[in-house]
Amino acid sequence: MTDLTTALQEQVSALGPFFTFETHTAGSELSAPWRKLSEVARVESGVLEERVASVRATLAAGGGRPAEAVELRVAASVAHLGLVARVVSPLLGLAALRRLPSRPPTLDDVRWHSGLGGAFALSLPRETVAAVAADDAVAADDAIVTDDAVAARDAGSVAGAGAGAAAALLEGPVRDLVDAVAAFSVSRRILWGNVASAVNGATAGIVSAAPALARPARTAALLMLRHPRLRDAHTLDPRNGSFRRRSCCLIYRAAPDAAGAVCGDCVLVRR
């Protein structure tokens, strides 16, 4: 038998690598290799500086150049996009399947162990997931979400309770990451654009992995994208809902002569 919390964790994790997470008891003792994600936001820890340096070296190596050839702010922005995407994705996965946590975990609550080149390992407090799982009786043992199950849900309930939860997420752990990376001379406009891009990217990932979750995933994403922090960071085409950020993550500048490719949602893409 699988309990509701584990079933929900497995359903979210099945959406893809950036959605995958483990759980731990809130306040429990840390055990290697797990560390608190809050160390990234503490300048004195040196963890963020180290991660930015690693990203810088990786970006430079891609163009056959020394690390110093890539601007520090470029590496910091790319590192930030990866961090915020990893934090936001599983929470949007929870929202698509049930709802956003009314009290999102802080960076001090979230645990990780670092790695480059993909989604690093992440652990959320089991209590956070349990609170979400307890709200939905549809999550029976080993339940599989079907089109009928999604259609039976009240989509209005996602929006009704979700605006406050979205605000708490953006003004809590997400803003902490923005504040930390801003110290590397990265514009906050770019950083909040990274957040908007991460939200859109996670939504696209959910829709691709589980088309039946398209409606609740997009509803949850809109709750975040309409928040004042993100409202001016993007545009949505009223004709087809396509997303475009109003800033650039700067990754194109990592290539020699700053002539690299830009992301598909970039403001620099010619339409």
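Predicted, not measured: the structure shown is a model, and the values here were computed from it. Residue numbers start at 1 and run along the sequence shown.
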When hydrophobic residues are tied together by side-chain contacts of less than 4.5 Å, even through go-betweens, does Val174 share a cluster with Phe18?
-> no
Residue pair Thr203 / Asn200, side-chain donor-acceptor N/O under 3.5 Å = no
Just wondering, do Arg126 and Thr6 contact through their side chains at under 4.5 Å, heavy atoms?
-> yes
Are Val267 and Val269 connected, step by step, through hydrophobic side chains (Ile, Leu, Val, Met, Phe, Trp, Tyr) whose heavy atoms are closer than 4.5 Å?
-> yes
Residue pairs involving residues 22-46 (criterion ring-ring contact (aromatic ring centres under 6.0 Å, His included); sequence neighbours excluded) | Trp34-His113
Just grab all the side-chain hydrogen bond (donor to acceptor under 3.5 Å, both in side chains) pairs involving residues 80-89, residues at least two apart or on different chains.
-> His80-Asn194
Atom CZ in Arg111, atom CD in Glu22: separation rounded to 0.5 Å?
-> 11.5 Å
Would you list the atom pairs, donor with acceptor, under 3.5 Å between side chains in residues 249-256 and any protein atom, with sequence neighbours excluded?
residue: Arg253; atom: NE; partner: Glu71; partner atom: OE2; Å: 2.6
residue: Arg253; atom: NH2; partner: Glu71; partner atom: OE2; Å: 3.1

Quick one: are Arg246 and Arg189 in side-chain contact, heavy atoms under 4.5 Å?
-> yes
Passing option when Ser114 is tested against Glu39, Arg51, Glu50, Arg35 for side-chain hydrogen bond (donor to acceptor under 3.5 Å, both in side chains) | Arg51
Can Ser242 and Asn240 be counted as having a side-chain donor-acceptor contact under 3.5 angstrom?
-> yes
Does the side chain of Val199 reach to within under 4.5 Å of the side chain of Leu225, using non-hydrogen atoms?
-> yes
Identify whether Leu94 and Leu37 are in the same connected component of the hydrophobic contact network (ILVMFWY, side-chain heavy atoms under 4.5 Å).
-> yes
Using the ring of each side chain (for Trp, its six-membered ring), is His234 parallel, tilted or perpendicular to Phe243, with breaks at 30° and 60°?
-> parallel
Test: Asp108 and Lys36 ion pair at under 4.0 Å = yes
Is there a side-chain contact between Leu236 and Leu222 (heavy atoms, below 4.5 Å)?
-> yes
Does one hydrophobic cluster hold both Val207 and Leu97, with members joined at side-chain heavy-atom distances below 4.5 Å?
-> no
Pair Arg103 + Asp109: basic N to acidic O under 4.0 Å = no
Side chains of Leu59 and Arg65: closer than 4.5 Å at any heavy-atom pair?
-> no
